[in-house]
Amino acid sequence: MHLAYCIEGKAGMELGIRIPRPLGQGPSRFIPEKEILQVGSEDAQMHTLFADSFAALGRLDNITLVMVFHPQYLESFLKTQHYLLQMDGPLPLHYRHYIGIMGLLKAEEHSWSLAELVHAVVLLTHYHSLASFTFGCGISPEIHCDGGHTFRPPSVSNYCICDITNGNHSVDEMQVNSAGNVSVSDSFFEVEALMEKMKQLQECREEEEASQEEMASRFEIEKRESMFVFSSDDDEVTPARDVSRHFEDTSYGYKDFSRHGMHVPTFRVQDYCWEDHGYSLVNRLYPDVGQLIDEKFHIAYNLTYNTMAMHKDVDTSMLRRAIWNYIHCMFGIRYDDYDYGEINQLLDRSFKVYIKTVVCTPEKVTKRMYDSFWRQFKHSEKVHVNLLLIEARMQAELLYALRAITRYMT
């Protein structure tokens, strides 16, 4: 087969046919290709996931090849996405894909039913969060997309088209760590310091508990500080994609939900939460999808291998909750039973910058940001972080939208 590809490729060149080849190095700009699972070396569960994904798209897309670091989550994600786009639902199929492309939408001629509105809201939040994952993990454009291929001849004389199928590229795969000249020992001590903070916070929890007034005050402080978390100007150029044809308002983009000096009421989870309110509303108006989304939330939130970098048998629940609650805090959502003082202890500034950029302005994420947080952690752990980010973001968006629909209904 490889020989056939070689002959075909050389024949194409001789005939003057422009044959596209991958522009990037593997599925992600941030994760070295050699650290991503190679097709053919997967276990039985992953093989089934690959087969399902291939059957749906006719190829293994880059998102799947990165997300498969966590097969349990990938299975839930693919199942939910298939249901949203292909199975019976209130919206026609072409509407669903259009909403997925647009990420915004105005219906001027016809009013929608509540079921159609819920379907649209779920689709929008799904694709908003998927955009965060795509940019947060540096997913490379597919070979058939803009920025995913080149027609220029390869620089190495013995380049063969079969190299594409084998995942071998002519570009030097050695990459310089753009996070700066950080020694291994420095990043090692960062992990040790984080482990020690987790231990100290657990001991403080057991010894004393902050009052409700104090916890409310700490939430307001964290919410206010999150508005001032911005990435510094980065000289790294993020690949640009022209999406202007999809919308008329060129100023469209993220704006902090709360401006400086402007008070926004806190969204208390105790008054309206996913488990008690949002889930039942979605399931009533769009049967079964509520169950699929709920399963995906739980998998992302509870997913753990009890490891942290080089450490094993670690309870990471405190860290996972801090990440989840920090994202909700940025959107003004408060849990009365959570001490927001833990966030500043566990999440340093570079990590907060990465989180806010991925969640709010994902198109601005750079490899420098990706490299700068948790420098001693594995790429699979950073992908895990992104799963937490996208599901927390999706739930936050759904809470606001579903609460508004609930108020309209009542």
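Just so it is clear, the values below take in all heavy atoms, side chains as well, and ignore hydrogens, waters and symmetry mates. These numbers were taken from a predicted model, which means no experiment stands behind them.
- Heavy-atom minimum distance, C137 versus S28: O-OG, 2.6 Å.
- Side-chain contact of T304 with T316: a donor-acceptor pair under 3.5 Å is present, judged by distance alone.
- A donor-acceptor distance shorter than 3.5 angstrom exists from the side chain of K382 to the backbone of Y370, with no hydrogens or angles considered.
- Checking H119 against Y286 by side-chain atom types alone, a donor-acceptor pair falls below 3.5 Å.
- Looking only at distances, no side-chain donor or acceptor of N306 sits under 3.5 Å from a matching main-chain atom of K312.
- Sparse packing is recorded around NE2 of H47, with 12 or fewer heavy atoms of other residues, nucleotides or ligands lying under 6.0 Å away.
- Donor-acceptor pairing under 3.5 Å is lacking for the side chains of S280 and N283.
- Using a 4.5 Å heavy-atom threshold, the side chains of V365 and F30 count as touching.
- Put simply, the side chain of F373 does not reach to within 4.5 Å of the side chain of L347, judged on heavy atoms.
- With hydrogens and angles disregarded, no donor-acceptor distance shorter than 3.5 Å links the side chain of K79 to the backbone of L292.
- The distance from the NZ atom of K199 to the CE atom of M318 is 12.5 Å, given to the nearest 0.5 Å.
- At a threshold of 4.5 Å between non-hydrogen side-chain atoms, the residues I355 and M330 count as touching.
- To the nearest 0.5 Å, the span separating CG on L319 from CG on L201 amounts to 10.5 Å.
- For the pair S132 (side chain) and V358 (backbone), a donor-acceptor distance under 3.5 Å is present.
- In terms of the salt bridge (Lys or Arg N to Asp or Glu O under 4.0 Å) criterion, residue partners of K352 (sequence neighbours excluded) are, by chain and number, E222.
- For residues 332-347, the salt bridge (Lys or Arg N to Asp or Glu O under 4.0 Å) pairs, not counting sequence neighbours, are R205-E342, R218-D339, R268-D336, R321-D337, R334-D336.
- At a threshold of 4.5 Å between non-hydrogen side-chain atoms, the residues D288 and Y83 count as touching.
- Put simply, NZ on K296 and CD on Q395 are 10.5 Å apart, with the number rounded to the nearest 0.5 Å.
- Minimum interatomic distance between G290 and W274 (heavy atoms only, all atoms of both residues): O-CZ2, 3.8 Å.
- Between the side chain of S217 and the backbone N or O of E213 there is no donor-acceptor pair closer than 3.5 Å.
- The aromatic rings of F297 and W324 sit perpendicular to each other, their planes meeting at more than 60°, with 30° as the lower class boundary.
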>> Let's go through I333 and Y400 carefully: what are the C-alpha distance in whole Å and the side-chain angles of both, what is the deciding distance for side-chain contact (heavy atoms from CB on, under 4.5 Å) to 0.1 Å, and is it a yes or a no?
In response: CA-CA 9 Å; I333 299 172; Y400 275 102; 4.0 Å; yes
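- Using a 4.0 Å cut-off between charged nitrogen and carboxylate oxygen, E381 and K378 do not count as a salt-bridge pair.
- Considering every non-hydrogen atom in both M409 and L281, the closest pair reads SD-CD1, 3.6 Å.
- Remark: side-chain polar atoms of E116 are paired, donor with acceptor, to backbone N or O of S113 under 3.5 angstrom.
- Nearest approach of G332 to K223, heavy atoms of both residues: CA-CD, 3.8 Å.
- Contact check for V383 versus I31: side-chain heavy atoms found under the 4.5 Å cut-off.
- Taking every heavy atom of both residues into account, L346 and K197 meet most closely at CD2-CB, 4.3 Å.
- Judged by distance alone, the side chain of S211 and the main-chain N or O of E214 form a donor-acceptor pair under 3.5 Å.
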>> Show, in sequence, the C-alpha distance, side-chain angles and deciding distance for Y408 and L114, and conclude whether the side-chain contact (heavy atoms from CB on, under 4.5 Å) test is met.
In response: CA-CA 10 Å; Y408 171 78; L114 287 175; 4.0 Å; yes
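- Under the 3.5 Å distance criterion, with hydrogens and angles disregarded, a donor-acceptor pair is assigned to the side chains of Y354 and N386.
- With rounding to the nearest 0.5 Å, the separation of CG in D276 from CG in D271 is 11.5 Å.
- Using modelled atom types, one finds a donor on one side chain and an acceptor on the other under 3.5 Å when comparing Y279 with Q291.
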> Under the side-chain contact (heavy atoms from CB on, under 4.5 Å) criterion, do L194 and D348 qualify, and how do the steps go?
Replying inline: CA-CA 10 Å; L194 180 56; D348 61 26; over 6 Å; no
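- Heavy atoms only, all atoms of each residue included: L78 and S53 are closest at CD1-CB, 4.3 Å.
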Donor-acceptor list for residues 66-77 side chains, cut-off 3.5 Å, not counting sequence neighbours:
residue: H70; atom: ND1; partner: Y305; partner atom: OH; Å: 2.9
residue: H70; atom: NE2; partner: S380; partner atom: O; Å: 2.7
residue: H70; atom: NE2; partner: H384; partner atom: N; Å: 3.3
residue: Y73; atom: OH; partner: E391; partner atom: OE2; Å: 2.3
residue: S76; atom: OG; partner: E295; partner atom: OE2; Å: 3.2

> Does the pair I390 and L130 meet the rule for a side-chain contact (heavy atoms from CB on, under 4.5 Å), with working shown?
Replying inline: CA-CA 7 Å; I390 67 174; L130 186 56; 5.9 Å; no
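- Side-chain contact between E196 and E192 is absent, with no heavy atoms from C-beta onward closer than 4.5 Å.
- Side chain of H126 to main chain of V122: no donor-acceptor pair is present (N/O by atom type, distance under 3.5 Å, no hydrogens or angles).
- For F267 and F331, the ring centers sit 6.0 Å or farther from each other.
- Looking at V118 and I405, their side chains come closer than 4.5 Å, going by heavy atoms from C-beta outward.
- From Y326, atom OH reaches atom CZ of F351 across 10.0 Å, with rounding to the nearest 0.5 Å.
- Side-chain contact check for F377 versus V385: every heavy-atom pair is 4.5 Å or farther apart.
- If you check the side chains of Y272 and T406, you find a donor sitting under 3.5 Å from an acceptor.
- N62 contributes atom CG, which lies 11.5 Å from atom CZ of R29 (distance to the nearest 0.5 angstrom).
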